[in-house]
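One structure below.
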Number of protein chains: 2
Amino acid sequence: MSATKIRNMEEFAAISGISRPTVSKYFNDPNSVRKSTRERIEAALEQHDYRPNIYAINQNRRLTKNIGIVVPYLADPFFTEIARRIERLCIEASFRPILFSSHGEQALEIENLESLRSIKPAGVLLAPLGRASDRVVIEEFCADVPTVLFDSNIEKVGEAFVGSDNFSFVSQTVEYLTRTGEPPSFFEMRTPANPNANKRRLAYIQMMERLGFDPNIIKISGEGWAFEEIGRRGALKILEQGALPTNAVLCSNDRLAIGFLAACYELGIKVGREPDCTLRVASNDDHPFSRFTCPSLTTAAHDYEAVSNRSVETLLELIENGGRFATRTETLFPAKLVLRASA
Amino acid sequence: MSATKIRNMEEFAAISGISRPTVSKYFNDPNSVRKSTRERIEAALEQHDYRPNIYAINQNRRLTKNIGIVVPYLADPFFTEIARRIERLCIEASFRPILFSSHGEQALEIENLESLRSIKPAGVLLAPLGRASDRVVIEEFCADVPTVLFDSNIEKVGEAFVGSDNFSFVSQTVEYLTRTGEPPSFFEMRTPANPNANKRRLAYIQMMERLGFDPNIIKISGEGWAFEEIGRRGALKILEQGALPTNAVLCSNDRLAIGFLAACYELGIKVGREPDCTLRVASNDDHPFSRFTCPSLTTAAHDYEAVSNRSVETLLELIENGGRFATRTETLFPAKLVLRASA
DNA sequence: AACAAATTTTTACGCGCGTAAAATTTTGAG
DNA sequence: CTCAAAATTTTACGCGCGTAAAAATTTGTT
């Protein structure tokens with residue numbers, strides 16, 4: 001590329017020998033101009049690498065090419081992984097993804113939505129905080145901005161929801177534990193941050209009853225998003241007072257399970273399916289780190305690919321469709337059981 | 001707030017009874033207008049909640065209020081943690097942070113820098129990929145955009161660097177291991193992604209020689225950013241063939257150590273300082289998860305707060321200073337040794 | 001009360017591009 | 001070569017706000 005620096009589209013149009021409106025048309029859709037014109041523009045582009053001013057572009061457009069992505073807690077590698085996939089898919093669809101994390105705080109979630117409003121995005125993929133969310137704020141946001149919820153549902157809010165089927169998670173882990181040993185207790189936070197936790201508890205109860213066992217739920221205390229530490233402390237307490245009524249435990253999610261396993265290790269309790277083990281621990285999510293726990297964690301895996309693909313597909317469809325769907329759809333993907341050493 | 005929707009600053013100015021240029025001045029700096037005027041504007045603001053169009057604002061401004069944050073790999077909770085802190089500090093300084101992850105790929109790092117260019121940020125905090133970075137591209141970027149490097153240094157690039165003092169990390173872990181037992185081997189990737197790894201190796205060699213021991217470096221193969229899996233496979237290989245020459249191991253970073261500990265567990269090797277343990281493992285970083293490994297990981301901790309604070313401080317100073325410093329400074333913060341169960 | 005300083009208002013222009021409408025050129029079919 | 005269709009160019013205006021300069025007003029001081 002040459003050293004000549006182009007200030008605006010006017011100059012670039014002059015250099016490439018094409019009128020500015022046609023150049024403008026090219027940048028909005030290269031296929032909307034004649035092939036010979038396109039080639040001339042692209043030749044000039046290689047010489048001078050000009051890019052239209054993004055602020056000027058968006059000022060006069062109803063909908064920008066921005067897609068907002070909001071996750072509740074980016075320090076959770078589950079969300080990092082989903083966000084990574086979603087970002088890539090947006091870029092491939094020639095949109096500009098912008099990532100926000102609410103860091104577990106209601107105030108930040110609200111702030112993120114306000115920031116998004118001012119960016120005038122074509123659409124938003126929102127994984128809400130859950131219990132900590134301000135429902136009214138989110139409703140108002142969704143009324144103004146085409147939004148697809150993912151991971152964590154809020155009933156009737158947003159144009160669609162894409163997530164995982166919690167019943168599929170729990171039914172598989174409960175069934176597996178029961179079939180290969182004894183029925184598990186269910187280990188969870190007393191006041192879960194996320195609605196998925198509630199669905200998992202209900203699924204556990206339903207599965208246990210279906211199999212003819214009494215449900216046994218262990219609720220531990222703790223607030224916030226430091227699930228590992230909450231799980232560890234909760235497990236230490238339960239295990240130290242010998243309050244565990246079963247020899248198998250199903251944790252509501254992998255991050256709690258990571259803490260649970262740490263507690264077992266500290267107390268010298270051997271976890272796994274080997275003969276010398278006294279406890280089996282399974283969980284749900286297939287968190288990126290669950291491969292490296294000690295022992296490695298048996299868990300029901302999210303279909304990361306399906307969830308992220310469908311989320312983006314749905315949003316693009318929504319954008320195509322002018323921002324509204326006739327009916328709100330909820331898409332749930334089943335889990336895949338991943339057998340490792342812990343159960 | 002009332003239902004009347006304001007389209008632009010003109011309308012809002014009319015409603016609040018103030019001229020548009022004065023309103024504009026208010027939004028750029030509320031303290032630049034008379035108190036009575038400020039109060040009238042803020043009263044109107046509560047009634048009608050108007051926000052200036054962000055694209056129109058930035059079109060005519062030399063420097064926007066945007067701050068770009070680029071990290072090499074957001075799935076690494078170390079970077080998530082740093083990013084979270086930096087974001088917060090930027091918001092407190094009334095800037096708009098925008099987070100990008102290069103996901104370990106050179107192409108994405110370049111793309112991120114291009115995106116940042118088009119956003120015309122006031123400044124950028126960049127943690128480069130390291131070995132995988134295109135030095136020329138980053139140099140050119142830094143020449144155009146006021147940039148502070150953090151975490152991973154590139155010599156002479158950017159207006160300043162803020163990071164951790166690798167020698168401080170390794171000297172403390174080596175000294176501790178040696179003092180309380182035997183000198184460690186050093187466990188690292190053959191071709192590390194990050195220049196910090198090289199500094200840590202050199203520090204290890206230097207410390208060992210200073211203490212009068214022969215350095216012993218174990219280099220394992222593997223590419224990419226899946227450090228845990230690379231560490232696990234490497235450790236399995238070494239341990240299975242009994243090629244470990246010492247009873248203490250210092251891992252270059254915590255993510256490798258997480259894999260190393262997983263391998264030890266799989267092989268039934270007891271790690272720690274208890275009498276029945278045959279191996280001690282320490283590491284560097286204090287990764288957010290190193291608290292939950294089995295056994296919990298003894299490690300040299302980054303001063304997360306100091307690094308993020310100083311990074312933002314330095315960038316704000318740079319912005320104040322018009323985007324250039326007379327001399328390029330490099331600030332390194334020492335590590336704090338965190339003793340846990342693994343060594 | 002008078003006056004200089006500080007602040008606000010008025011007026012006016014420009015940023016870089018989207019986009020509509022009319023005029024012109026190019027393309028492709030016959 | 002002719003002509004209609006398609007694509008492009010010309011022309012012109014607007015988006016929402018920053019900002020400069022000059023005029024008018026308010027403020028604080030003596």
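So you know, we letter chains A, B, ... as the sequences are listed, proteins then strands, and number each from 1.
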Next item on the list: Return the orientation label for the Trp225(A) and Tyr73(A) ring planes: parallel under 30°, perpendicular over 60°, tilted otherwise.
Entry: parallel
Next item on the list: Hey, which sits more toward the 5' end of DNA chain D by its nearest nucleotide, Ala56(A) or Pro21(B)?
Entry: Ala56(A)
Checklist line | CZ-CG distance between Phe100(A) and Leu113(A), expressed to the nearest 0.5 angstrom | finding: 9.0 Å
Notebook entry, point to check: Looking across every strand, which nucleic acid part, if any, lies under 4.0 Å from Tyr26(B) by heavy atom: base, sugar-phosphate, or nothing?
Noted result: nothing
Item checked: Nucleic acid contacts - residues 28-37 of chain A versus DNA chain D, non-hydrogen atoms under 4.0 Å -> Ser32(A), Val33(A), Arg34(A), Thr37(A)
Item checked: Arg40(B): side chain to side chain contact (heavy atoms under 4.5 Å, CB included) partners, not counting sequence neighbours -> Ile18(B)
Next item on the list: Calculate the interatomic distance between Lys25(B) atom NZ and dA6(C) atom P; express it in whole Å.
Entry: 12 Å
Next item on the list: Before giving the answer on side chain to side chain donor-acceptor pair (under 3.5 Å), spell out for Glu87(B) and His103(A) the whole-Å C-alpha distance, their side-chain angles and the decisive distance to 0.1 Å.
Entry: CA-CA 10 Å; Glu87(B) 275 189 347; His103(A) 298 308; 2.8 Å; yes
Checklist line | Arg88(B)/Glu92(B) salt bridge by N-O under 4.0 Å criterion | finding: no
Check: Using the ring of each side chain (for Trp, its six-membered ring), is Phe27(B) parallel, tilted or perpendicular to Tyr50(B), with breaks at 30° and 60°?
Finding: perpendicular
Note to self: At 4.0 Å (heavy atoms only), tell me whether Phe12(A) reaches a base, stays on the sugar-phosphate, or touches nothing.
What the structure shows: nothing
Notebook entry, point to check: Between Ser19(B) and dT8(C), is there a side-chain N or O to OP1/OP2 distance below 4.0 Å?
Noted result: no
Next item on the list: Using a strict 4.0 Å threshold on nitrogen-to-oxygen distance, state whether Arg324(B) and Glu159(B) make a salt bridge.
Entry: yes
Notebook entry, point to check: To the nearest 0.5 Å, what is the distance between CD1 (Ile69(A)) and CZ (Arg84(A))?
Noted result: 12.5 Å
Notebook entry, point to check: Quick one: how far along DNA chain D does chain A reach, first to last nucleotide 5' to 3', anything under 4.0 Å to a heavy atom?
Noted result: dA7(D) to dG16(D)
